[in-house]
Amino acid sequence: NPATGSSGTKFVGTDWCGENDIRISVWDAKFNTDFCWITLIIHGEVCDDEALPRGNIAGTISTETGETVDGVDVTILSPTQPEYPKFDDTVEDGYYAFMENLMYNTYQVSADKTGDWLNGVSTLDLVLIQRHILQLQSLDSGYKLIAADINSDENISGIDIVELRKLILGIYSELPQNDSWRFPITNQTMTMNPFPFTEAIDIVGLDTDMMEEDFVGVKIGDVNGSVTANLLDITVDTRSASTVGFETQAIGDNTIEVRAGENFTDVYGYQFTMKLNGALAGVKSGALTVDASNFGILENGVVTTSFSGTESNTFAEGEVLFTLEVAGGTDLSLVSGVTSAEAYVGSTLEVAEVSMRGGDGEVAEFALGQNEPNPFGETTQIAFTLGQAGQATLTVMDVTGKVVTVVQADYERGSHVIELTKRQLGTSGVMYYQLESGDFTATKKMIVIE
């Protein structure tokens with residue numbers, strides 16, 4: 001401040017703003033002297049800070065396998081500068097940058113990404129974590145161990161399996177003791193015991209551009225690397241050619257036996273969502289050892305299930321896997337829902353489809369297929385499956401939500417196809433179609449071309 005203090009001492013004026021070479025002298029009691037030159041940097045409200053030296057700080061954010069991570073919030077702090085913190089919350093292509101930072105100051109950079117909880121997470125990850133805990137097949141990198149530490153206690157244990165299964169089943173909407181993503185910095189040794197690990201880049205006395213201050217994005221719960229990290233990263237599961245079948249059989253008014261269906265062979269785990277017209281009251285093991293922790297009881301009769309084992313399971317068709325005790329109804333069907341339907345088969349844990357049939361051999365599932373062909377110019381077909389007989393309504397809407405056409409009819413349980421024409425829709429471009437039947441609702445997108 002170029003003002004006079006109460007002591008009468010004259011403070012530095014604006015002509016001192018910027019870099020100043022200052023000679024500093026020292027002496028002792030016997031007047032032995034020495035000196036050195038320092039650079040004194042003055043900046044503030046009265047100074048033209050544009051004249052001061054500045055440096056840039058930037059880096060990339062990518063997964064262990066090199067896929068860039070979009071949608072990350074990056075923060076830079078500087079405790080000595082009131083205009084900080086600053087944010088880069090529109091990270092695209094996995095790249096962040098903070099430009100024109102004053103030199104010779106202290107900075108700290110960190111990254112964060114919320115939500116996205118189930119991205120890359122499935123019961124297959126439970127199988128792999130379980131095998132690691134039992135030393136059957138170790139997770140082979142420090143980053144995978146971070147992903148497996150579900151409750152963030154720096155230890156991989158059965159508690160992590162319990163917590164992650166609750167997320168998969170929809171009991172948890174988010175993990176209570178961890179973040180969805182973690183971002184260790186790359187400039188650290190990532191061993192097979194990565195804990196504790198550093199998640200902030202500390203810069204003391206910035207004196208040059210620092211353009212390779214990188215982070216590794218770790219999706220918590222995803223130990224097999226199946227996360228979709230950006231819009232261009234389309235992960236394709238290795239799918240088995242087979243479908244693992246389940247059968248249901250009502251026994252009286254309060255019991256449903258879930259049995260092995262076709263091709264229940266070499267299965268290490270599975271997950272899916274069911275719709276029950278009553279309420280689930282209890283679970284009993286059969287050929288599979290399951291209990292209440294393998295099931296999630298959600299709203300409106302929706303029940304999720306997840307099973308993971310360390311050894312493969314092969315059962316003959318009709319063998320009882322487990323029994324559900326119910327109240328209020330024994331109609332049970334497979335539906336699209338919180339927990340996607342898939343099974344893990346063979347030594348390579350390939351991802352297989354899951355099907356379910358009722359005691360009469362009919363398909364017991366609700367599903368809406370992608371229209372074929374898509375995009376289309378003249379006609380397209382939409383396949384769907386009903387787990388119960390009843391009325392179904394197919395509604396087609398444009399991108400604004402305006403209803404274009406409605407097809408409504410009564411259908412038997414099983415598979416059906418509705419054909420739509422471009423003339424019937426009366427327009428082209430992106431459209432959405434929604435199927436409703438009872439409590440089941442599903443929506444998909446289609447494209448009509450000129």
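Residue numbers run from 1 in the order of the sequence given.
In this structure, the side chain of N56 engages the main chain of E100 through a donor-acceptor pair within 3.5 Å. Formation of a donor-acceptor pair under 3.5 Å by the S122 side chain with backbone atoms of L124 is found in this model. With hydrogens and angles disregarded, a donor-acceptor distance shorter than 3.5 Å links the side chain of D398 to the backbone of T400. Using a distance-only test at 3.5 Å, with no hydrogens or angles considered, a donor-acceptor pair links the side chain of T380 to the main chain of E372. The closest donor-acceptor contact from the side chain of D291 to the backbone of V283 lies at 3.5 Å or more, if one exists at all. In this structure, the side chain of D112 does not engage the main chain of D73 through any donor-acceptor pair within 3.5 Å. Looking only at distances, a side-chain donor or acceptor of T273 sits under 3.5 Å from a matching main-chain atom of T339. Of the possible donor and acceptor atoms, one in the side chain of Q188 sits under 3.5 Å from a partner among the backbone N and O of I185. A donor-acceptor pair under 3.5 Å is absent between the side-chain atoms of D266 and the main chain of V345, judged by distance alone. At least one donor-acceptor pair under 3.5 Å links the side chain of N313 to the backbone N or O of V267.
Side-chain atoms of P184 and M190, non-hydrogen and from C-beta on, do get closer than 4.5 Å to each other. You'll find the side chain of I447 stays beyond 4.5 Å of the side chain of M431, heavy atoms only. Looking at heavy atoms from C-beta onward, L435 lies out of side-chain contact with T395 at the 4.5 angstrom threshold. Taking 4.5 Å as the limit, some side-chain heavy atom of I156 sits within range of a side-chain heavy atom of H132.
Between K113 and F183 the shortest heavy-atom distance is N-CE1, 3.6 Å. Heavy atoms only, all atoms of each residue included: N155 and D149 are closest at O-OD1, 3.4 Å. In plain terms, the two heavy atoms of N230 and E67 that are nearest each other are ND2-OE1, 4.0 Å. Minimum interatomic distance between T106 and S78 (heavy atoms only, all atoms of both residues): O-OG, 3.0 Å. Taking every heavy atom of both residues into account, A343 and V354 meet most closely at N-CG2, 3.8 Å. Of all heavy-atom pairs spanning W117 and L167, the tightest one is O-CD2, 3.9 Å.
Checking T60 against D214 by side-chain atom types alone, a donor-acceptor pair falls below 3.5 Å. Side-chain polar atoms of S180 and D116 form no donor-acceptor pair below 3.5 angstrom. In this model, no donor atom of one side chain and acceptor atom of the other lie less than 3.5 Å apart for E163 and N151. T243 and E353 form no side-chain donor-acceptor contact under 3.5 Å, judged by distance and modelled atom types alone. A donor and an acceptor atom, one from each side chain of T191 and N193, are nowhere located under 3.5 Å apart. Of the N and O atoms on the side chains of Q391 and S437, not one donor lies less than 3.5 Å from an acceptor on the other residue. Counting only N and O atoms by type, the side chains of N101 and Y84 include a donor and acceptor under 3.5 Å apart. In this model, no donor atom of one side chain and acceptor atom of the other lie less than 3.5 Å apart for E365 and S333. Using modelled atom types and a 3.5 Å distance limit, the side chains of S306 and T123 yield a donor-acceptor pair. If you check the side chains of Y107 and Q81, you find a donor sitting under 3.5 Å from an acceptor.
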Practice problem: Check the pair V109, V74 against side-chain contact (heavy atoms from CB on, under 4.5 Å), reporting the backbone distance first and the verdict last. | Solution: CA-CA 7 Å; V109 183; V74 184; 3.7 Å; yes
Practice problem: Apply side-chain contact (heavy atoms from CB on, under 4.5 Å) to the pair Y433 and L425, showing each step before the final yes or no. | Solution: CA-CA 11 Å; Y433 59 95; L425 301 178; over 6 Å; no
Exercise. Test side-chain hydrogen bond (donor to acceptor under 3.5 Å, both in side chains) on T68 and D93 and set out the steps.
Key: CA-CA 6 Å; T68 57; D93 301 325; 5.8 Å; no
Self-check item: CA sep, side-chain torsions, deciding dist, call: F366, T385, side-chain contact (heavy atoms from CB on, under 4.5 Å)
Solution: CA-CA 5 Å; F366 285 85; T385 304; over 6 Å; no
Quiz item: Could you walk me through whether Y344 and Y268 pass the ring pair (Phe, Tyr, Trp, His ring centres under 6.0 Å) check?
Solution: CA-CA 6 Å; Y344 317 105; Y268 282 84; 9.6 Å; no
Exercise. Show the numbers, then the answer: is there a side-chain contact (heavy atoms from CB on, under 4.5 Å) between I57 and L206?
Key: CA-CA 9 Å; I57 302 170; L206 177 68; 4.2 Å; yes
Exercise. Before giving the answer on ring pair (Phe, Tyr, Trp, His ring centres under 6.0 Å), spell out for F322 and F307 the whole-Å C-alpha distance, their side-chain angles and the decisive distance to 0.1 Å.
Key: CA-CA 11 Å; F322 54 86; F307 170 80; 8.9 Å; no
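Each of R131, Q271, R165 was checked for a side-chain hydrogen bond (donor to acceptor under 3.5 Å, both in side chains) with S308, and the lone residue meeting it is R165. When T186, I201, N187 are each tested for a side chain to side chain contact (heavy atoms under 4.5 Å, CB included) with F215, only one passes: I201.
One finds the CG atom of L321 at 10.5 Å from the OG1 atom of T305 (value rounded to the nearest 0.5 Å). Distance check, rounded to the nearest 0.5 Å: CG of D160 to CG of L126 gives 10.5 Å. Atoms CD1 and CD, from I203 and E213 in turn, are 5.0 Å apart once rounded to the nearest 0.5 Å. Of the inter-residue distances, the one linking D207 atom CG with M103 atom CE reads 6.5 Å to the nearest 0.5 angstrom. Distance CG/D209 to CZ/R54: 12.5 Å, rounded to 0.5 Å. Once rounded to the nearest 0.5 Å, the distance linking CD1 of I297 with CG of L169 reads 10.5 Å.
Ion pair K422/E450 flagged as a salt bridge, since at least one NZ, NE, NH1 or NH2 atom sits closer than 4.0 Å to an Asp/Glu carboxylate oxygen. Salt-bridge formation is not detected for the pair R259/E319: no Lys NZ or Arg NE/NH1/NH2 atom is positioned less than 4.0 Å from an Asp or Glu carboxylate oxygen.
Within 6.0 Å of CG on D153 lie more than 12 heavy atoms contributed by other residues, nucleotides or ligands. Around CD of Q408, the count of heavy atoms belonging to other residues, nucleotides or ligands within 6.0 Å exceeds 12. Around the CD atom of Q370, the shell of radius 6.0 Å holds more than 12 heavy atoms that belong to other residues, nucleotides or ligands.
F197 and F195 have tilted rings, their planes meeting at an angle from 30° to 60° on a 0 to 90° scale.
With sequence neighbours excluded, no residue forms a side chain to side chain donor-acceptor pair (under 3.5 Å) with S62.
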